[in-house]
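Remarks on the structure that follows.
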Amino acid sequence: MRALATTLRAELVGAGGVVERNFYLTKRYIWWDLAWFVWTVANTLTIVFIAKGIEATGGTLDVNAVMTSLLIGAVIWAYLGVLFEFLMETVAWERWEGTIEYTFMAPLSRAMHLAGQGLFAIAYGLLRAVFLFVACAFFFRLSMPDANFLAAFVVVAIASVSFLGIGAMTSVLPLISPEKGTQLGFVAQGTLLVVSGVYYPVEVLPGWMQLLATLSPATYALEGTREAILEGAPLSAMWDEVWPLLLIGGVSIPLGLWVFRRGELYAKKTGKLKRSG
Amino acid sequence: MTDIQDAVLVEAPARRGNAAVEVYELRKEFRRRDRGRGDKRPRVALGGVSFTIERGETVAILGQNGSGKSTLVRLLSTLLLPDGGYARVLGHDVVKEPRAVRRLVNRVSVEASFFKKMSPAENLGYAARYYGMTSRETRDLIPEILERVGFPAERRDEPMESLSRGMQQKVALARALLTSPVVLLLDEPTTGLDPRSKLEVQEFIREIRETHDSTILLCTHDLNEAESLADRVGILDRGHLLALEPADELERRYGAETLEEAFFAATGREFEAETDEDDDREVFA
């Protein structure tokens with residue numbers, strides 16, 4: 001029992017070390033991150049302006065509601081981008097700096113290593129998403145009188161667990177292909193969002209894509225967030241979104257760890273952990 | 001979970017007496033694409049290497065680029081899976097009990113690998129957490145260890161990228177020592193250093209030998225370094241360990257007056273003479 005407690009303590013300290021390292025790195029690259037944030041704001045604005053454009057060309061729509069809906073889609077897209085980027089960096093950045101072998105020979109379990117990476121990614125990503133949402137909503141003077149922001153925040157936080165599992169699967173790609181693995185991670189992010197109704201209702205998708213949408217945690221995150229912000233739905237009314245997220249999280253986390261583990265074993269067999277390309 | 005999947009291993013006998021490192025018929029090969037040909041061919045990085053290092057002993061492995069030194073260190077660090085044989089650290093198998101091994105070993109490699117924008121103190125801090133050491137435990141320990149390796153206190157908070165190679169290598173030594181490893185793996189720790197930094201790092205390795213209970217495996221292609229730091233010197237050539245004895249016995253065995261001559265007699269070639277094949281092997285081995 002005591003040995004178990006000691007191991008658990010060491011694991012938690014180790015996961016804290018991953019958070020600590022990411023904090024240092026974020027601090028060092030903060031100006032680059034701010035520049036990147038400006039790009040994200042610009043990108044988000046172009047998407048939200050689409051609603052105004054439709055109105056200007058004679059379309060009839062509730063501009064405020066459509067703009068808010070597009071904004072939610074763009075913010076979730078940006079959030080997922082940050083989350084996946086951090087998880088991809090589990091391997092990619094460390095390989096570039098040359099620290100990967102030191103991390104992988106430390107007695108920290110891969111589960112806690114990825115948990116530390118994911119925890120920081122969620123915290124940083126959520127903070128960034130809040131800033132992005134507020135900045136764009138302020139820019140367009142969007143009105144959200146019924147919004148339940150707390151419920152929206154909680155839904156995204158719950159969805160993040162599922163995103164971490166999927167992110168763990170994609171983060172192994174740079175281990176398998178040091179040259180192209182990182183780019184393939186963005187394919188996963190794009191695919192996930194295209195079937196999840198990021199800027200449109202899932203119902204407009206072809207039948208087979210709607211089937212895929214039911215398996216995507218982003219579908220429920222987007223639906224839940226829109227219900228909370230546009231209709232003011234409380235968390236208690238969002239069980240239809242919450243239980244699939246919990247279920248997908250329950251499957252994707254162990255599956256993500258298993259996939260990462262297989263990738264790690266492959267890299268250790270073939271010597272790809274060493275390569276710095 | 002262990003790393004045993006897909007590795008072909010022999011059944012290891014019980015741990016020998018006071019052995020810190022036991023390596024038996026350890027094999028590793030990599031497949032790489034042939035120049036001018038499309039197919040991948042196996043290249044033997046280690047071809048059945050066996051040796052034992054006693055606790056507190058320092059063993060140097062001499063070999064040219066591509067001889068298999070780094071592969072050996074990586075196998076002992078659990079960073080590679082062997083294709084055959086076994087390796088154990090204090091009785092723990094590197095494949096079956098990787099986490100137990102990881103607690104016991106640490107390593108300094110030829111590249112002082114760090115997050116370049118972070119300071120030495122920050123790099124050492126987060127690395128120590130991976131070994132379960134809290135910030136309270138390392139608050140005093142990190143400055144103490146940096147001081148011991150001769151790192152100037154006033155540069156502790158500078159980014160690594162502003163430090164010389166020699167300084168970075170001192171931080172790498174500090175990182176390895178911070179976790180109090182029972183087995184210290186030094187993979188060409190002085191390669192590329194200026195003469196002064198080289199002497200300082202060698203002096204510190206000597207100090208570790210004398211003041212710690214550490215067992216040291218030093219892989220190097222510096223003959224003087226091997227002779228002056230190690231209790232026994234091994235010659236690793238193209239993945240095969242040709243000899244492992246105290247330097248003077250090695251010289252006597254090959255009727256040589258110097259270690260360089262002994263190396264020449266053992267391998268049949270000059271120490272610095274490297275062929276295209278060595279270059280080719282270096283990619284992995």
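- Residue B/Glu111 touches chain A through its backbone alone, counting heavy-atom pairs closer than 4.5 Å.
- A distance-only check finds no donor-acceptor pair linking the side chain of B/Lys117 to the backbone of A/Tyr29 [under 3.5 Å].
- Contact annotation for A/Thr103: both backbone and side-chain heavy atoms come within less than 4.5 Å of a heavy atom of chain B.
- Residue A/Trp96 holds its CH2 atom at 9.5 Å from CZ of B/Phe115, rounded to the nearest 0.5 Å.
- Side chain of B/Lys28 to main chain of A/Lys269: a donor-acceptor pair is present (N/O by atom type, distance under 3.5 Å, no hydrogens or angles).
- Side-chain contact check for B/Met118 versus A/Lys27: every heavy-atom pair is 4.5 Å or farther apart.
- A heavy-atom distance below 4.5 Å is found between the side chains of B/Leu79 and A/Phe104.
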| request: With side chain to side chain donor-acceptor pair (under 3.5 Å) as the test, would you mind laying out the steps for A/Tyr102 and B/Ser109 before giving the verdict? | output: CA-CA 10 Å; A/Tyr102 290 89; B/Ser109 60; 2.7 Å; yes
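- Using a 4.5 Å heavy-atom cutoff, the side chains of A/Met105 and B/Asn106 are in contact.
- Considering only heavy atoms from C-beta on, B/Phe114 stays 4.5 Å or farther from A/Glu97 through its side chain.
- Of the two parts of B/Asn123, neither the backbone nor the side chain holds a non-hydrogen atom closer than 4.5 Å to a non-hydrogen atom of chain A.
- Shortest non-hydrogen contact noted between B/Met133 and A/Val13 is O-CG1, 3.5 Å.
- Highest contact tally toward chain B, considering only A/Gly17, A/Ala267, A/Gly116, is held by A/Gly17 [criterion: heavy-atom pairs under 4.5 Å].
- The closest donor-acceptor contact from the side chain of B/Ser113 to the backbone of A/Thr99 lies at 3.5 Å or more, if one exists at all.
- Taking each heavy atom of B/Gly132 and A/Arg9 in turn, the nearest pair found is O-NH1, 4.1 Å.
- The two residues A/Glu20 and B/Gly125 come nearest to each other via the heavy atoms OE2-C, 4.1 Å.
- Among all heavy-atom pairs drawn from B/Tyr130 and A/Ala106, the shortest one is CB-CB, 3.7 Å.
- Using a 4.5 Å cut-off on side-chain heavy atoms (C-beta onward), B/Arg31 and A/Thr270 make no contact.
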| field | Pair B/Arg107-A/Glu101, salt bridge (charged side-chain N to carboxylate O under 4.0 Å, His left out): steps then yes or no | value | CA-CA 10 Å; B/Arg107 162 184 177 226; A/Glu101 290 196 326; 2.9 Å; yes
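- The number of heavy atoms from other shown groups lying within 6.0 Å of OH (A/Tyr124) is above 12.
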| request: Decide yes or no on salt bridge (charged side-chain N to carboxylate O under 4.0 Å, His left out) for B/Arg129 and A/Glu11, but give the supporting numbers first. | output: CA-CA 9 Å; B/Arg129 286 331 146 243; A/Glu11 288 285 307; over 6 Å; no
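- Both the backbone and the side chain of A/Val18 come within less than 4.5 Å of a heavy atom of chain B.
- Between A/Arg28 and B/Glu161 there is no salt bridge, since no side-chain N of the basic residue sits under 4.0 Å from a carboxylate O of the acidic one.
- Put simply, CG on A/Leu12 and OG1 on B/Thr134 are 12.5 Å apart, with the number rounded to the nearest 0.5 Å.
- Within residues 242-254 of chain A, no residue has any heavy atom closer than 4.5 Å to a heavy atom of chain B.
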